[in-house]
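Throughout, a chain's letter reflects where its sequence line sits, starting with A, and its residues are numbered from 1. All values below come from the heavy atoms of this structure, side chains included, with hydrogens, waters and symmetry mates left out.
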Amino acid sequence: MSMEETPVRLNRSPGPTYREILDTDRVKPPRHFYEEKPFYDGSDSIPVERYISREFHELEKRHMWRTTWQMACREEHIPEVGDTFVYEICDMSFLVVRSAPDEIRAYWNFCRHRGRQLLTQSTWTPVLRCPFHSFTWNLDGSLAYVPTEWDFPHVDCDELGLLSVGVGRWGGFVFINPSPGGETLEEYMGEMIEHSAPWHFETRFVEAHVAKIFEANWKIVEEAFMESFHVAATHPQQMVRLGDVNTQYDCYGNFSRALHPSGVPSPLLKWTPTEQEMLDNMLDIREGEDAIIVLPEGETLRSFAAIVGRDQLRPAIGDEADTVSDAELIDAMEYTLLPNFHPWAAFQRAVYRFTPYGDDHERSVMEVMLISPFSGERPKPAERILLGPDESWTKPGVLGITGRILDQDSTNIAAVQRGLRSAPPAGLEVTLYQESRIRHFHKWLMDRIDAGRQRDRTSS
Amino acid sequence: MEGSVQGSKQGSKQGSKQSSKQDSSRGMRHPLTLALYELCGDGVRVTDGQKVGVYDSTGRWVSGDRFLVCPNLCGWIGDGPREPSTLKDHRRFRNVVLKQTTDGTVGS
Ligand SMILES: [Fe+2]
């Protein structure tokens, strides 16, 4: 069955749908917001082995990480010719190199003489020289210098360029693909490029960059951010003004998205908050405390937040701000470009990435970048701060309230890994709709692994 | 944004509301159960109907009545800010213009 077809009617939450909420807005969003792409591919449980088995991790490495587009860094991490960025995934290491003012190349990070990594940390360098014996390559990957060339009469040095990998650029991000097989990043991203074009991620800079080590498989961490089913239990404080179970989930070829309506109550509430109560909740006004903003007569929280949002954008984009939809200014919309890249949509600033920690299938790293607009000279990107498994996202003091919400999410993650480890082998029963992005992710992953195994069988 | 800001907030911080600010228990009702979660000396006091118990910020029972509480709301209250929030805590609304009017409220 194609990943696009939905042969059954998936049950949906009571309460207004996302499209019905859009109908109440003053400035309507682009057409794709009205598009629904529910995903259904059966109701099978998810095998626990995918999170705890070393063998499955090796399959992911061989058939997924080696053949997929993945975000390596931002262009601003390598602004000058000669800047290099060491990108590592599992046991693979790559050099992303600014080889000319508007050219970025990437190579497997190893010397073709004895295999040493050419660089072990990101730095500026005029050439790529192996510290072991001084074999040297130009930034464009061509061989520049062979020490004691007389002793290599058996080698055609012209054939000894660095082994390059695919490079793609989008929104100020640099992606690599160790073996793209003819598929460009643009083809891989498909409609996501058109969806995101108005948000101009390339005009932002990395204002904050915080990463945290988790004692769990990377997919457990990522999947904790692919549904808002968990809001009622994990983030109950948000329910007064966040649609949770009526979030819309859409799955496309290599990406999926969640459109969480904000400024409306959860359909799970047995009472109806006023617009002012929803604003107070958003502003963390507690029981008995005075409001700090009183909604003007006739405004809803959605319409008010949209007006405030446009005023914030105006210095950067002028009157174009008036055409930005209410939804883009208030809703929490996240995209996932599989396997592991989660930019929040529109004018939210957060971008998440999830990777294994080194080559460890039971530890992982979640990164949060805040990418913000700037005026004048481009500021330097923030250095990455790495937190240990027991450290709070609030510790660096740069994520604001998001740090506290991420801490709530974080309480579940290692406990899931330990639960899966201790349980008898079984499958996980996940919902059909609310966790459909997780089902789509697993279908995407298994399609790649199955195709890779098939290739291995035919070639052996 | 034009309009709609409660200017008395600043007054309330330095003026007549100061005592209530100092006493603030930063309480919040659980949106589903409507139980009240408040800061108290040794943790989070949870009031659910007639039952009142104190729990720590992981949701573990400390004293008083024992009943089912939400560990995540215990954490949100127990590990959260002790002071009421102000506009500058909220990036989205930080630039809302304070426009003082004669009655102490703000509007446009
Ligand atoms: Fe969450």
Practice task
Could you tell me whether the side chains of A/Asp331 and A/Ser262 share a donor-acceptor contact shorter than 3.5 Å?
Solution key: no

Problem - Within 45° cone of A/Trp393 ring axis and under 6.0 Å: A/Arg404 NZ or CZ - result: no

Exercise for the section: Among the options A/Asn281, A/Leu283, A/Leu269, pick out the one with the most heavy-atom pairs lying under 4.5 Å from chain B. Expected result: A/Leu283

Exercise for the section: Below 4.5 Å from any heavy atom of chain A, which atoms of B/Asp89 appear? Answer side chain, backbone, both or neither. Expected result: neither

Problem - Validation row: A/Thr24, A/Asp326 side chains within 4.5 angstrom (heavy atoms) - result: no

Practice task
Kindly say whether B/Ser85 contributes a backbone atom to a donor-acceptor pair with the side chain of A/Asp284 at under 3.5 angstrom?
Solution key: no

Exercise for the section: Against chain B, work out which of A/Arg314, A/Met282, A/Gln408 has the most heavy-atom pairs shorter than 4.5 Å and name it. Expected result: A/Gln408

Exercise for the section: Indicate the ring-plane relationship of A/Phe304 and B/Phe93, choosing parallel, tilted or perpendicular according to the 30° and 60° boundaries. Expected result: parallel

Exercise for the section: Go through the side-chain N and O atoms of A/Asn412 and A/His230 and say whether any donor and acceptor fall under 3.5 Å apart. Expected result: no

Fill in the blank from the handout: So, the part of A/Arg349 with a heavy atom under 4.5 Å from chain B: the answer is side chain

Handout entry: Residue A/Gln237 versus chain B: region with a heavy atom under 4.5 Å
Key = both

Exercise for the section: Measure A/Thr234 against the heavy atoms of chain B and call it side chain, backbone, both or neither at under 4.5 Å. Expected result: both

Problem - Residue part contacting chain B, namely of A/Leu329, when any heavy atom lies under 4.5 Å - result: backbone

